Amino acid sequence: MGTVRPIIKISPMASSAVCFIGFCSVLLGFVVGIQASHVVYRDLQSIESSPKDHLPYRTGFHFQPAKNWMNDPNGPMVYKHVYHLFYQYNPYGADWGNIVWAHATSTDLVNWIHHKHAIYPSAPFDINGTWSGSATFLKGKKPAILYTGIDPQRRQVQNLAFPKSVSDPYLIEWTKPPQNPLMEPINGINSSSFRDPTTGWQGPDGRWRVIIGNKRGRRGMALLYRSKDFVHWTKAKHPLHSAKDTGMWECPDFYPVSVEGENGVDTSVIGKSVKHVLKNSLDDTKHDYYTIGTYYTEKDRYIPDAGSIDGDAGLRYDYGKFYASKTFFDDVKNQRILWGWINESLSREDYIKQGWSGVQAIPRKIWLDKFRKQLVQWPVVEIEKLRVNGIRLPRTELTGGSVHEISGVTASQADVEVTFELSKMGKIEEIDSNSLMNPQHLCSQKGAAVKGSVGPFGLLVLASKSLEERTAVFFRVFKSQNKYVVLMCSDQSRSSLREEPDKATYGAFLNVDPHREKLSLRSLIDHSIVESFGGKGKACITSRVYPKLAIDGGAHLYVFNNGTSSVTISSFSAWSMKGAQIKYL
Ligand code: DQQ
């Protein structure tokens, strides 16, 4: 075992508490000696947020209901300074079914109050289910919700709901106007592939538009509807956009992003100051992909930019578990915020047994990267309120084959930010252009235990003391045709001694030049979730893991380098995270 060095604490605390980094420079067979200075702040584990906190996989600061099944985020909005999140929910069990719109509100996107269900089957036009949809502000900032109802013939139809009282900032009661359903699957539209209306936007002619997810054969499409009054809708001749061989487009989202800076813009903004984003959730692969392009208002058509590809080979918000996402414009803070559903990686039998299923990702601010070719995402700044007992490492060289334990944070519930500098890159592994096709495949072939030259280096999170269990979130640098290629991976292959959870390894390419820029990584660790942001939010990977040993006080955190080249940790900060305050019904 190596030396033990003091590290700097970020927030002042009682003088008796000192944090250490254990310096265990042992070859990475992942069997290392571990020093005993790990501090567990039991009192910082979530008490408030989890009525079943004896269950090891319940989260401390992610959004989830007290029990049962949750899937898509629906109709997010901010109204009278109150944030609203509705979500697809099964009141009767931990499996998908009996779907209603459950409802919660918050003033800071971190602490939540759950309310009674807002929209639930009550009339023929939604008697068999109230499925996903979106919120729009009409004239005078009156909220309106469009959602998919399942009718007595099991057809998917689009319905409207209004708040009973616009003076209630919590929007507890909702009514459904008698004109429902507003849009029906007629004239050849497949009645089982017609769902998930978006937030509406107004064109230059003042008429409202929304798109509805659909497919014709294997061609995924976004059907366009227009309306003068938000009640009477006419289908446009052409879809807003479609793409062959992509299958059903669920939960489409269409919005403008500013070409300059990080501020969000309202959904009806058009013109030279913005580009447009179309996101679709691919039913076939359960991936949320997006394109960046131009919205041609004269033709009411959206065309992705050259190189912005439709389908699974395109850009994704998140290269791990993240589906049926939805954005909204937060006019309080001038930002666009993204919500996404993180499903379980357990078998159906196991999540039914645990009595709950599904978590929402930490809401992310989302904006266009300065090169205008991709989006950037970052956890909303409010989440930093939960940080306590921060620690910081001095600049440290991570020699090839070393693992260092980071002590002083509650490793099962933490926020970690690290920056790596690659000043002395030695020989770099070459890869052929075929390997550039599929980052997930490359990460599975070259997991954390596979030695490289520059990398793998990164974090081992939710790791057991002797590293039998660990989730590795790391980078690896390659060269291909004289260009650097940075791969970011979240390797779950050793995340649990349990056999049954899905332990797929996820991967993404990171558009960062490691010669000029440092490589940054932030991971939000929350018992069974690891949400990671590479390159300051240019690539995101969310993993679900179910360790047996690395739970609560048994969880540890490490930095590692399993390459032959040294890398320098130029900055390292970590915090224990308090639990969010959640009030259940
Ligand atoms: N979930 C909803 C549908 C949507 C799907 C049903 C996506 O409206 O297409 O719960 O996860």
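In this text, all values refer to a predicted model and were calculated from it rather than measured experimentally. By convention here, the first residue in the shown sequence is residue 1. Remember, it's 1-based here, ligands and their atoms both numbered in the order they're listed.
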Short N or O distance, Trp131 and ligand 1, threshold 3.5 Å exclusive: no

Basic-acidic side-chain contact under 4.0 Å: Arg364, Asp318: yes

Close-contact set for ligand 1 against Asp72 heavy atoms, below 4.0 Å: 1 (N), 2 (C), 3 (C), 4 (C), 5 (C), 7 (C), 11 (O)

Parallel, tilted or perpendicular: ring planes of Tyr351 versus Trp69, cut at 30 and 60 degrees: tilted

Ser132 N/O to ligand 1 N/O under 3.5 Å: yes

For Leu240 against Tyr295, the heavy-atom pair lying closest together: CD1-CE1, 3.9 Å

Proximity of Asp283 to ligand 1 by residue part, where a heavy atom lies under 4.0 Å: neither

Protein contact to atom 9 (O) of ligand 1 [nearest heavy atom, distance to 0.1 Å]: Asp196 OD2, 2.6 Å

Geometric class of the Phe86/His84 ring pair [parallel <30°, tilted 30-60°, perpendicular >60°]: parallel

Donor + acceptor pair across side chains of Ser281, Asp288 (<3.5 Å): yes

For atom 10 (O) of ligand 1, the protein heavy atom that lies nearest, with its residue and separation: Gln88 OE1, 2.6 Å

